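Taking it in order: structure first as structure tokens, then the write-up.
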Amino acid sequence: TVAMTGTSGSNTITSGNYQFYNLTVDATGAIYTLGAAVTINNDLTISNGTLDVSGANFAMTAKGNWTVNGGGVFNPQAGTVTLSKSGNSTQTITGGSFYNLVLDNATAATTAVKSLTSSCTITGSITIGGTGTSQLNTSTYDVYIAGNWTNNSTSGLSSSSTVYLNGSTGTQLIAGTQATTFNHLTLSGAAAKNINFNEQVNGDLQFSSTSGTVTLAATAVITDGGATNIFTIAGSTVFVVLATFPTVFETVSLASTSTVRYQANGAQSIYNVASPGYGTLQLYATTPGTATTKTALGDIFLQIGVTLGVNGTDNNVTLQMNNNNMTLAGTSFIQQTGAPQVNWGTGTMTQNGTGWSIDADITGFNNLVLGGTGIKLMQSNLNLILGNVTVQNGATLSMQTFTLTCTGASKVLTLQSGSTLTCALTASVAFPTGFATYTLDPLSTVTLNGAGNQTAQCTNITYGHLNFNPTATANVTLNSNLSCA
């Protein structure tokens with residue numbers, strides 16, 4: 001054992017061609033700075049004073065226990081510590097504060113576990129395995145990592161705690177040649193996070209409100225091994241899914257301000273997140289203009305909205321609803337000009353938020369339910385309505401000067417009690433057409449508010465309230481006998 005026991009000042013440790021067996025620093029008030037890389041063939045103990053790797057960031061290798069306690073301080077600067085032990089006994093880490101940390105036993109036959117006895121902070125990156133086999137056992141102690149997580153060992157992590165990837169700048173990777181089994185995994189900090197290899201999360205997976213953009217690689221899959229797991233995306237985090245959304249969590253909770261982007265040139269399946277569902281859902285191709293289909297696995301719930309394609313050039317994305325329903329609580333449904341229309345099948349589109357300007361590039365729906373409050377404003381003709389249209393209590397459908405035409409057989413237009421339909425159409429009958437049945441509640445209201453002469457639809461219709469409120473001097477013509485409830 002070599003003991004550093006100074007009481008003051010700065011001192012330099014230069015081992016030259018020699019290696020330490022045990023190295024202790026018990027030097028209250030003193031600083032010991034490395035003058036070269038150091039190898040310790042057994043234990044390092046810092047109980048008082050400071051051990052500094054220097055501005056040159058000299059590397060340290062320890063083959064026994066690493067202990068920093070009491071009044072001891074280890075200053076890692078931007079250096080690398082390698083913990084590499086022969087044999088099969090445990091190598092303990094106490095008071096772990098590192099920049100880069102490498103856990104790698106000398107040979108594949110060496111299975112010494114690296115075991116935490118306190119929480120561990122790594123301001124750089126951690127690498128598990130490489131030359132040999134290694135495992136980090138965190139027990140119940142949390143690990144905080146600002147850099148990359150690289151696992152090259154088949155059982156690289158044994159944990160009952162939480163691993164926090166909390167980088168604040170650049171891009172932070174989860175990578176390696178082997179999957180990692182986490183207990184709880186939390187991604188935080190503004191750095192982008194790229195998940196490049198398969199991971200298993202037995203507890204909860206959380207993208208915190210401070211997370212940057214998180215990207216799940218096309219070759220990576222997230223699985224779980226628990227029974228009551230929660231996947232949470234908080235704040236304004238953007239989650240980019242290049243292949244498959246994690247479908248294994250019992251509860252998925254997505255903040256209304258969060259965004260999930262399915263982005264691939266190939267086909268993708270859209271996971272059916274239970275209500276209230278996605279915040280904002282984006283469906284993109286990787287190469288703008290590439291034909292790609294995104295297929296709903298179940299009903300889709302949207303708190304804010306959905307965007308099909310981006311920036312006008314990514315205009316070949318098809319949303320295949322596969323006979324499922326969509327509920328939009330927000331007011332954003334963006335379709336690119338010239339893009340394929342949504343394939344609804346027998347599904348229903350329900351918008352139940354406050355107001356809604358219907359994108360001018362949307363030309364039709366199957367069933368359409370307009371609920372919530374405010375004005376639902378048409379901005380182009382809706383001439384591909386294949387199913388029923390319902391305007392619920394509190395909602396107003398404003399056709400402006402556009403047509404709404406049903407092309408399906410035996411379909412119904414319903415205006416519920418307290419609903420309103422306004423129409424300024426002057427070029428043709430001022431009302432939706434093509435429906436087999438019109439059911440207007442006695443307490444519903446239809447207002448014709450064109451800027452010129454209008455024709456009121458009176459065939460097979462009994463109005464609740466019918467108002468004439470032209471924006472200019474005009475006449476209203478009845479195309480049949482008028483009936484009002």
Side-chain angles (χ1 to χ4, degrees), residues 1-4 13 15 17-26 32 34 37-48 51 53 58-70 72-74 76 79-122 124-145 149-163 176-183 200 202:
T1 298
V2 174
M4 307 298 176
I13 300 176
S15 61
N17 293 325
Y18 298 96
Q19 298 179 356
F20 297 102
Y21 184 70
N22 293 323
L23 175 63
T24 66
V25 178
D26 187 4
Y32 285 87
L34 296 188
V38 168
T39 296
I40 304 161
N41 287 318
N42 199 41
D43 298 339
L44 169 72
T45 303
I46 308 171
S47 56
N48 286 293
L51 177 60
V53 302
F58 289 115
M60 295 187 67
T61 299
K63 300 182 180 181
N65 297 330
W66 179 283
T67 304
V68 180
N69 58 19
V73 175
F74 174 64
T80 298
V81 172
T82 299
L83 300 183
S84 177
K85 186 175 185 178
S86 60
N88 302 321
S89 60
T90 298
Q91 188 173 17
T92 61
I93 306 170
T94 303
S97 180
F98 305 93
Y99 185 72
N100 292 327
L101 178 62
V102 177
L103 308 178
D104 189 18
N105 294 322
T107 67
T110 303
T111 59
V113 171
K114 321 304 178 187
S115 183
L116 296 185
T117 64
S118 62
S119 63
C120 182
T121 298
I122 301 166
S125 298
I126 184 171
T127 301
I128 304 174
T131 303
T133 301
S134 194
Q135 181 186 85
L136 172 62
N137 185 343
T138 70
S139 185
T140 58
Y141 300 105
D142 295 335
V143 181
Y144 302 84
I145 304 166
W149 174 283
T150 303
N151 178 34
N152 301 314
S153 188
T154 53
S155 300
L157 178 66
S158 175
S159 177
S160 298
S161 61
T162 301
V163 172
T177 61
Q178 299 294 327
T180 302
T181 299
F182 296 94
N183 183 43
Q200 179 169 313
N202 289 336

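Fair warning: this is a prediction, and the values are worked out from it, not measured in the lab.
For the residue pair Asn105/Lys114, the side-chain donor-acceptor check at 3.5 Å is satisfied. Counted by atom type alone, Thr1 and Asn22 present one or more donor-acceptor pairs between their side chains at under 3.5 Å. Under the 3.5 Å distance criterion, with hydrogens and angles disregarded, no donor-acceptor pair is assigned to the side chains of Thr90 and Ser115.
Not a single donor-acceptor pair under 3.5 Å links the side chain of Asp26 to the backbone N or O of Ser47. Between the side chain of Asn100 and the backbone N or O of Thr80 there is no donor-acceptor pair closer than 3.5 Å. Side chain of Asp142 to main chain of Ser161: no donor-acceptor pair is present (N/O by atom type, distance under 3.5 Å, no hydrogens or angles). Looking at Gln19, its side chain never comes within 3.5 Å of a backbone N or O of Thr39 through a donor-acceptor pair. Side chain of Asn151 to backbone of Ala179: a donor-acceptor contact under 3.5 angstrom is found.
A distance of 12.0 Å separates CG of Leu101 from CE of Met60, quoted to the nearest 0.5 Å.
For the side-chain contact (heavy atoms from CB on, under 4.5 Å) with Thr45, the qualifying choice from Thr67, Leu23, Ile40, Thr94 is Thr67, the only one to do so. Under the side-chain contact (heavy atoms from CB on, under 4.5 Å) rule, Asn137 has a single partner from Leu157, Val113, Ile93, which is Val113.
A 4.5 Å side-chain heavy-atom check between Asp104 and Ser84 finds every atom pair outside the cut-off. You'll find the side chain of Cys120 reaches within 4.5 Å of the side chain of Phe98, heavy atoms only. In this structure, the side chains of Ile13 and Leu51 come closer than 4.5 Å at one or more pairs of heavy atoms.
Remark: Phe58 pairs with Leu34, Ser54, Ala56 by the side chain to side chain contact (heavy atoms under 4.5 Å, CB included) rule, at least two apart or across chains.
Relative ring orientation between Phe74 and Trp66 is described as perpendicular, the plane-to-plane angle rising above 60° on a 0-90° scale split at 30° and 60°.
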